[in-house]
Number of protein chains: 2
Amino acid sequence: MVDAKERLLAAAVDYVAEHGIGTKSLRQIAAGLGTSHRMLIYHFGSKQGLLVEIIRTVEARQRAVLADLAHEPGESAGDMARRFWRRISDPALWPNVRLFFEVYGQALQGRPGTTHLLDDVVHAWLDPIIALGMAQGLSEQDAQAAARLGLAVTRGLLLDLLTTGDRAAADAAMERYITGYEAQLPGRASPLS
Amino acid sequence: MVDAKERLLAAAVDYVAEHGIGTKSLRQIAAGLGTSHRMLIYHFGSKQGLLVEIIRTVEARQRAVLADLAHEPGESAGDMARRFWRRISDPALWPNVRLFFEVYGQALQGRPGTTHLLDDVVHAWLDPIIALGMAQGLSEQDAQAAARLGLAVTRGLLLDLLTTGDRAAADAAMERYITGYEAQLPGRASPLS
DNA sequence: CTACCATTGTACCAGATGGTACATGTACCA
DNA sequence: TGGTACATGTACCATCTGGTACAATGGTAG
């Protein structure tokens, strides 16, 4: 079976999403999957090989969420942002989000096998949001700043949500951001200065 | 000397800020400090004991930055936010910030000895910002949402900055946020709907 | 049936890990 | 002077680590 490795990988990602990756040995992970550390080495070559593939999978899962960002016809930018936030803050995704931030933190510290996460973790998300902002009439400069801000808000509020579990508070903060974003779009009574 | 332990701790924090904490053994840390792992056990009891004290120190350093948030007379809220951002995004602090996010990620995954970081990592920052917002005339509800949003923006943009190193872009995004914040303060031509 | 190939179990390895036992040094206090 | 408390070095321990050697499956294609 070609995808025995794929199934093992998916299970491994779920396991480390649930239990953390930083403190787990090959043997612990293998035991959690009902296999032996021998099999992990066989399929992935080394612990770092497994780590790399796990991170590839985390990236892929994030991109799958990003793909849902596709603009629906007739939907306002604000409503799209609300839909996106509702989806990405779904508690069912929390283990994945936690794993994302754990790996992100290790990548920032240069742990071997993780750093390629950093290559796209910002820009892959920025580009579609920039395009969206420009479609709303923002200048390229404004769209870039707005996209960066939107990404920061999302990641920051996810951290808050994972930490406190206070969904209502995180939602309220996100709503405040979206309201402000809409107010800064052109074609309205200029809200500034 | 009573503070031999304190000096060792400070050096240990600097070391792990520079090299990461997740992948380092007691021996590696000790070697980096010019001492032996025996001494770390002697002073801190165990590896987890050292970990706990390192995190206490990271928290303390963060609070020291927070203390600088004190409102200067005659300064607008926006200018205060700008001053705060300039300070906390100083490249000299990047190793500490990286360590903060690394430990934060591990705490979210429940690594023993780290989780008490989570107790205050949000609320300790929120409270002064809420007070500030209310001093600017916001309702308590609005001040809470605005504080949460501001904290998320700051943490999110720090992640961006550590990842990309693109200071100009991060500054522009922060400036856009602050401008929007000021526009949402009462006492101005209502910018919304 | 046989030959082959992917897969898996068992057993092992050298090295690193956190932690301990014990002896030694060193300063200060009586 | 002697003692006492902190500090440090050396040596060691059991355990765990990632990784390997090798044999045994089991299915499949000739």
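Quick note: numbers below take in every heavy atom, side chains included, and nothing from hydrogens, waters or symmetry partners. Numbers restart at 1 for each chain; the letters A, B, ... are given by sequence-line order, proteins then strands.
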Name every donor-acceptor pair, under 3.5 Å, that has one atom in a side chain of residues 107-118 of chain B and the other anywhere in the protein, sequence neighbours excluded.
unit_1: Q109(B); atom_1: NE2; unit_2: E102(A); atom_2: OE1; d: 3.2
unit_1: R111(B); atom_1: NH1; unit_2: Q106(B); atom_2: OE1; d: 2.6
unit_1: T114(B); atom_1: OG1; unit_2: R111(B); atom_2: O; d: 2.6

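Rounding to whole angstrom units, CG of residue L40(A) and C1' of dT17(D) are separated by 14 Å. The separation between H43(A) atom NE2 and dG9(C) atom P is 10 Å, rounded to whole Å. Here dC16(D) presents its P atom at 16 Å from CD1 of I29(A), a figure rounded to the nearest Å. Across the protein-nucleic acid pair, Y42(A) atom OH and dA24(D) atom P stand 18 Å apart, rounded to whole Å.
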For nucleotides 16-27 of chain C, just jot down a letter per nucleotide in 5' to 3' order: B, S or -, based on protein non-hydrogen atoms under 4.0 Å. -BBBBBB-----
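Once rounded to the nearest 0.5 Å, the distance linking OH of Y104(A) with CG of L159(B) reads 5.0 Å.
In a base pair of the Watson-Crick type (N1 to N3 plus N6-O4 or O6-N4) or a G-U wobble (N1-O2 and O6-N3), with each distance short of 3.5 Å, dC13(D) is matched with dG18(C).
Contacts between residues 9-19 of chain A and DNA chain D, defined by a heavy-atom separation below 4.0 Å, involve no residue at all.
Considering only residues two or more places apart in sequence or on other chains, S25(A) meets the side chain to side chain contact (heavy atoms under 4.5 Å, CB included) condition with R27(A), Q28(A). Applying the side chain to side chain contact (heavy atoms under 4.5 Å, CB included) test to S36(A) and every residue at least two apart in sequence or in another chain returns R38(A), M39(A).
The stretch residues 119-139 of chain B participates, sequence neighbours left out, in no side-chain hydrogen bond (donor to acceptor under 3.5 Å, both in side chains) pair at all.
Between H19(B) and Y15(B), the two ring planes are parallel [angle under 30°; tilted spans 30° to 60°].
Hydrophobic cluster membership is shared by L99(A) and I88(A), with clusters built from Ile, Leu, Val, Met, Phe, Trp and Tyr side chains linked at under 4.5 angstrom.
Under the salt bridge (Lys or Arg N to Asp or Glu O under 4.0 Å) test applied with D68(A), the options R61(A), R87(A), R83(A) reduce to a single match, R87(A).
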